[in-house]
Amino acid sequence: MKEKFSHFYSKNISRMKASAIREICKLIDKPEVISLAGGWPDPDTFPVKEAKQIINDVLENNWKYALQYGTTEGLPELRECISQWAKNNEQINITPDNIILTAGSTQGMDLAGKTLLNPNDVIIVGLPTYFVGAFTIYGTEVEGIPLDENGMRIDLVEEKLISLQKKNKKVKFVYIQPNFQNPTGTTLSMERRKKILQLADKYDFLIVEDNPYGDIHFEGDFLPPLKALDDSDRVIYLRSFSKVFSPGIRLAWATAEENIIRKMVVAKQYIDVCSTTLCQYIMFEFFKRGYLETQIKHNISFYKAKRDFMLQALEKYFPEQVHWNRPSGGFFFFITLPQYMDAEEILLKAIEKNVAFVAGRPFFVDDSGRNTMRLSYAQSTDEEIEKAISVIGQVIKDHINNN
């Protein structure tokens, strides 16, 4: 049935689709359901004690500023901390003036889209990838590139670029999560990091690098962000405090070439004027007091134990016809079922048994991936993980036996 006021809707809102992950989380928001769906941090990692102390101190000593409007770019002292942290920890040399604080990394994506995209522009994303809605609302054409165990297939990126050129189409940017990608957990190899930057120069496109899970690094060599290797200023780099502090603070940051950042600042002025000043002061004190490094180390140990436990459960309960990755960081296992199986059917059966996860199809812009699923170990206890994996494993086995 046609909605009463649909004739008033903008073209942009008509292009927006509800997040499948968010919709599933609403459906299963019941205490008896064990959910491996949401990629949300475990509240047990939140630095409550430190936050209480900082909030009290800020409201005692800096309340006139912390409760006031701030600049669109963000608190200068916090941007200075971020600049130093990026240099020391990620080999990225940026000035505070080239940093903008955003209301979560999703806003960073939105600002990049507002700054760069026009109807019919072409962007490239991974197959699969998380959430490109911030880009598609502009009438953008999205091309997907398959991933393997070393991340996005950069050789196929060049093939796609050449194919699009023959159609007189030009790619505006590539959106990529090099570290512990959502949903596959894969990490882009060093060789591919260098190659994608070379292609950006050769074919004249930009790169939007999203790194929300970079601090949850369990094992393997540190690989510098694309931004650290970027000699041409083609990378727009997005970072978030959601996984290292808490998502409720709604604070992230972005850096890019100075003129792009200036345009993103203007775009933000039309959205919310400035990010929450109180949260910026809290995060500044969290840096200043040396809590961030301690928190990151705690989170790594905490989530690695969960990763290890789920890996053991998968090996114990899932049949041999099912395959999965071994993430070296982040929050997710990505499961591949036999080709004939539909993960959404498995999900419906699992929900009947009070277990939930995310079927993989919404992560694929070409509507493929029906035989895949994403499992998050971030929020569940060991007991919940074992129960959930045993239930999902049995549902899969029953489906195999009936075919």
Side-chain angles (χ1 to χ4, degrees), residues 19-26 28-29 31 33-55 82 85 89 101-109 130-131 177 179-185 187 210-219 238-253 275-276 278-280 282-283 285-287 291-311 327-334 356-358 363 374-385 388-389:
S19 164
I21 296 93
R22 295 283 172 174
E23 293 301 304
I24 289 172
C25 290
K26 283 195 298 184
I28 60 175
D29 189 19
V33 174
I34 300 173
S35 175
L36 306 182
W40 300 349
D42 192 314
D44 285 344
T45 65
F46 297 164
V48 178
K49 179 182 176 182
E50 294 85 351
K52 282 182 179 179
Q53 180 185 17
I54 288 172
I55 292 169
I82 292 169
W85 187 89
N89 293 275
L101 295 169
T102 61
S105 58
T106 303
Q107 186 181 72
M109 294 170 65
Y130 175 74
F131 193 66
Q177 294 181 7
N179 297 321
F180 325 125
Q181 193 249 14
N182 184 2
T184 65
T187 295
D210 195 5
N211 191 17
Y213 302 99
D215 297 311
I216 309 172
H217 184 176
F218 306 143
E219 59 211 11
L238 308 179
R239 269 307 219 134
S240 172
F241 296 118
S242 293
K243 309 303 186 292
V244 297
F245 188 92
S246 86
I249 202 169
R250 302 313 302 140
L251 199 59
W253 58 275
S275 297
T276 308
L278 176 59
C279 292
Q280 294 179 57
I282 293 169
M283 203 65 225
E285 290 292 333
F286 202 70
F287 267 99
Y291 294 151
L292 183 63
E293 294 300 328
T294 301
Q295 182 69 25
I296 289 173
K297 289 177 182 177
H298 168 72
N299 288 354
I300 290 172
S301 175
F302 184 89
Y303 290 116
K304 183 179 184 298
K306 286 176 176 283
R307 189 279 311 261
D308 292 346
F309 191 87
M310 184 174 280
L311 181 61
S328 55
F331 283 175
F332 308 112
F333 280 96
F334 197 64
F357 57 86
V358 179
F363 297 109
R374 189 193 76 177
L375 306 180
S376 170
Y377 45 82
Q379 274 197 303
S380 301
T381 65
D382 288 355
E383 294 77 14
E384 289 170 336
I385 288 172
I389 296 300

Item to check | Side-chain heavy-atom pair Thr276, Leu251 within 4.5 angstrom cut-off | outcome: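 They are not in side-chain contact.
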
Next on the checklist: Within the structure provided, determine whether Met310 and Ile389 are in side-chain contact (heavy-atom separation under 4.5 Å).
Outcome noted: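 With C-beta onward as the side chain, the pair touches.
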
Next on the checklist: Please determine whether side chain to side chain contact (heavy atoms under 4.5 Å, CB included) holds for the pair Leu238 and Met109, giving the CA-CA distance in whole Å, both sets of side-chain angles, and the decisive distance to 0.1 Å.
Outcome noted: CA-CA 8 Å; Leu238 308 179; Met109 294 170 65; 3.5 Å; yes

Answer yes or no: is there a donor N or O on one side and an acceptor on the other, between the side chain of [X] and the main chain of [Y], under 3.5 Å?
X: Gln295; Y: Thr45; result: yes
X: His298; Y: Ile300; result: no
X: Ser376; Y: Ala378; result: yes

Nearest-0.5 Å distance, [atom1] of residue [X] to [atom2] of residue [Y]:
X: Ile55; Y: Cys279; atom1: CD1; atom2: SG; answer: 8.0 Å
X: Lys52; Y: Glu50; atom1: NZ; atom2: CD; answer: 11.0 Å
X: His217; Y: Asn299; atom1: NE2; atom2: CG; answer: 14.5 Å
X: Gln177; Y: Ser105; atom1: CD; atom2: OG; answer: 8.5 Å

Which heavy atom in [X] sits nearest to a heavy atom in [Y], and how many Å separate them?
X: Ser380; Y: Ile385; answer: CB-CG1, 3.7 Å
X: Ala388; Y: Ile34; answer: CB-CG2, 3.8 Å
X: Ala37; Y: Arg374; answer: O-NH2, 2.5 Å
X: Glu293; Y: Trp85; answer: OE2-NE1, 2.9 Å
X: Ala51; Y: Phe245; answer: CB-CZ, 4.1 Å
X: Phe334; Y: Thr184; answer: CB-CA, 3.6 Å

For [X], all residues meeting side-chain hydrogen bond (donor to acceptor under 3.5 Å, both in side chains), sequence neighbours excluded:
X: Gln280; value: none
X: Thr106; value: none
X: Asn89; value: none
X: Thr102; value: none

What residues, two or more places apart in sequence or in another chain, satisfy side-chain contact (heavy atoms from CB on, under 4.5 Å) together with [X]?
X: Pro247; value: Pro41, Phe46, Ser242, Arg250
X: Asn179; value: Thr187, Arg193, Asn211
X: Glu285; value: Ile54, Val58, Lys288, Arg289

Next on the checklist: Checking Thr294 against Tyr291 for the side chain to side chain contact (heavy atoms under 4.5 Å, CB included) test, could you report, in this order, the C-alpha distance in whole Å, the side-chain angles of both residues, the deciding distance, and whether it holds?
Outcome noted: CA-CA 5 Å; Thr294 301; Tyr291 294 151; 5.7 Å; no

Once salt bridge (Lys or Arg N to Asp or Glu O under 4.0 Å) is applied, do any residues pair with [X], and if so which ones, sequence neighbours excluded?
X: Asp382; value: none
X: Asp215; value: Arg239
X: Glu384; value: none

Checklist entry - Centroid-to-centroid, Tyr377 to Phe333, below 6.0 Å? => result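 Centroid separation for Tyr377 and Phe333: below 6.0 Å.
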
Next on the checklist: Going by ring pair (Phe, Tyr, Trp, His ring centres under 6.0 Å), name the residues that satisfy it together with Tyr213, two or more places apart in sequence or in a different chain.
Outcome noted: Phe331, Phe332

Item to check | ring pair (Phe, Tyr, Trp, His ring centres under 6.0 Å) against Phe218, all qualifying residues, sequence neighbours excluded | outcome: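 Scan of Phe218 (ring pair (Phe, Tyr, Trp, His ring centres under 6.0 Å), adjacent residues dropped) gives none.
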
Item to check | Working for side chain to side chain contact (heavy atoms under 4.5 Å, CB included), residues Phe302 and Asp44 | outcome: CA-CA 9 Å; Phe302 184 89; Asp44 285 344; 4.1 Å; yes

